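Let me begin by presenting the structure, written as structure tokens, before commenting on it.
What you see is a predicted model, and the numbers here were worked out from it, not measured in a lab. Each ligand, and each atom within it, is numbered from 1 in the order the structure gives.
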Amino acid sequence: MCRHLAYLGPPCDLATLLLHPPHSLLRQSYAPADMRCEAVVNADGFGAGWYPDGAVTPIRYRRAIPIWADPSFAALAGAVHSAAVLAAVRSATIGMPMTELACSPLSSGRWLFSHNGMVTGWPDSMAKLASQLPVTDLLTLEAPTDSALLWALVRHRLVAGESLGQALGTVTAQVLAAAPGSKLNLLVTDGTTLAATAVHHALAVRLDDGAVLVCSEPTGHCAGWQPVPDGHLLTATASTVDITSIPATIAEEP
Ligand code: GLN
């Protein structure tokens, strides 16, 4: 399974967030601690999205190569500072394409999105849910992957005015009903707030002095990491964290 991370807080450079910690996202790409579904490393691509100072629309850098194999990103990461970052390293689910367009963060307007997991029975299990989306949303999917369809479902709700947490909670429930056993760790931010689900995969959060870090695996050995229990939805700002259960996950076996 892929690994992902989101940060809200004082401006910080991407290298400090993603490359330097002892168990950084970089390290999680080649030595993850908690992989599932027989995946071993996260070498099929990576991406980082950030909001430049004062901007409401994020910028993304994505490549379909391992994060460790991209010296350009290492150089860029030290020079880019942001108060809101979402990044991911990818282990492509079997049968899904290995292209830059399939790498998270996926994005639209002011939002950045990532999915860590897989939808069972793809694609047949999702046909009915997908048919409820506008045809143009389906024609403009970034990639023919489960993650891109999940993002289209979430985005449709955000555009309709739902909060980040509402949209993730509802889509998670709908997908679990259509595709039981799916692994649905979703992560979304608008640059000021974020929401994340822990559904059959690990997630941890650390709130410290006006900065929040949400990550598949804790990035450091420092105190203050709190595991997000399975079947839960997390919403956060740079100074608040709220964790609630997602009722639809109760009957689900991990
Ligand atoms: N299924 C998604 C993809 O193929 C996510 C994969 C993962 O979490 N390992 O991109």
Side-chain angles (χ1 to χ4, degrees), residues 1-6 18 25-49 60-68 86-108 111-127 129-130 138 140-155 168 171-172 174-176 178-189 195-204 214-217 219 228 230-231 234 249 252 254:
M1 295 291 109
C2 312
R3 315 276 70 192
H4 58 201
L5 172 155
L18 308 177
L25 206 62
L26 166 64
R27 185 172 167 81
Q28 290 177 40
S29 71
Y30 58 81
D34 182 9
M35 292 295 274
R36 303 185 192 179
C37 292
E38 298 179 358
V40 180
V41 290
N42 295 292
D44 298 328
F46 71 97
R60 286 182 295 172
Y61 180 97
R62 296 182 297 166
R63 300 289 306 279
I65 59 173
I67 189 171
W68 70 76
L86 193 154
V89 289
R90 180 170 186 239
S91 166
T93 298
I94 291 166
M96 301 210 181
M98 235 185 78
T99 75
E100 182 180 313
L101 298 178
C103 293
S104 289
L106 305 177
S107 182
S108 178
W111 299 294
L112 293 170
F113 172 86
S114 170
H115 166 223
N116 165 204
M118 48 85 72
V119 172
T120 58
W122 171 265
D124 305 287
S125 59
M126 294 296 279
L129 260 182
L138 297 172
T140 54
L141 286 183
E142 279 201 69
T145 62
D146 53 359
S147 306
L149 181 66
L150 292 171
W151 171 224
L153 292 167
V154 169
R155 184 186 57 187
L168 287 201
V171 168
T172 301
Q174 288 180 322
V175 175
L176 284 177
S182 293
K183 296 189 189 304
L184 299 174
N185 279 34
L186 311 181
L187 180 59
V188 66
T189 184
T197 54
V199 177
H200 305 340
H201 218 312
L203 190 71
V214 177
C215 197
S216 307
E217 298 176 11
T219 54
V228 180
D230 195 44
L234 174 149
T249 62
E252 280 276 316

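Near Ser91, with a cut-off below 4.0 Å to any heavy atom, the atoms of ligand 1 are 6 (C), 7 (C), 9 (N). Residue Cys2 approaches ligand 1 through these ligand atoms, each under 4.0 Å from one of its heavy atoms: 5 (C), 6 (C), 7 (C), 8 (O), 9 (N). Per-residue contacts place Ala92 under 4.0 angstrom from the following atoms of ligand 1 (heavy atoms of the residue considered): 4 (O).
Listed by chain and number, the residues in a side-chain hydrogen bond (donor to acceptor under 3.5 Å, both in side chains) with Arg155 amount to none (sequence neighbours excluded). Ser104 is linked by a side-chain hydrogen bond (donor to acceptor under 3.5 Å, both in side chains) to nothing, counting only residues two or more places apart in sequence or in another chain.
A donor-acceptor pair under 3.5 Å is absent between the side-chain atoms of Arg90 and the main chain of Cys103, judged by distance alone. Here the side chain of Asn116 pairs no donor or acceptor atom with the backbone of Arg3 at under 3.5 angstrom.
Checked by distance only, ligand 1 and Met118 stay at 3.5 Å or farther apart across all their nitrogen or oxygen atoms. Considering backbone and side-chain N/O of Gly117, one or more are found under 3.5 Å from N/O of ligand 1.
Asn185 and His115 share no donor-acceptor pair across their side chains, judged by distance under 3.5 Å alone.
Residue-level proximity to ligand 1 for Arg90 is carried by the side chain, the only part with a heavy atom below 4.0 angstrom. Here Ser147 has side-chain heavy atoms under 4.0 Å from ligand 1, and that is the only part of it that gets that close.
Looking at heavy atoms from C-beta onward, Glu142 lies in side-chain contact with Arg62 at the 4.5 angstrom threshold. Side-chain atoms of Leu112 and Val188, non-hydrogen and from C-beta on, never get closer than 4.5 Å to each other.
Of all the listed residues (Thr93, Val89, Asn116, Asn42), Thr93 holds the heavy atom that lies closest to atom 1 (N) of ligand 1.
The closest approach between a heavy atom of Thr145 and any atom of ligand 1 is not below 4.0 Å.
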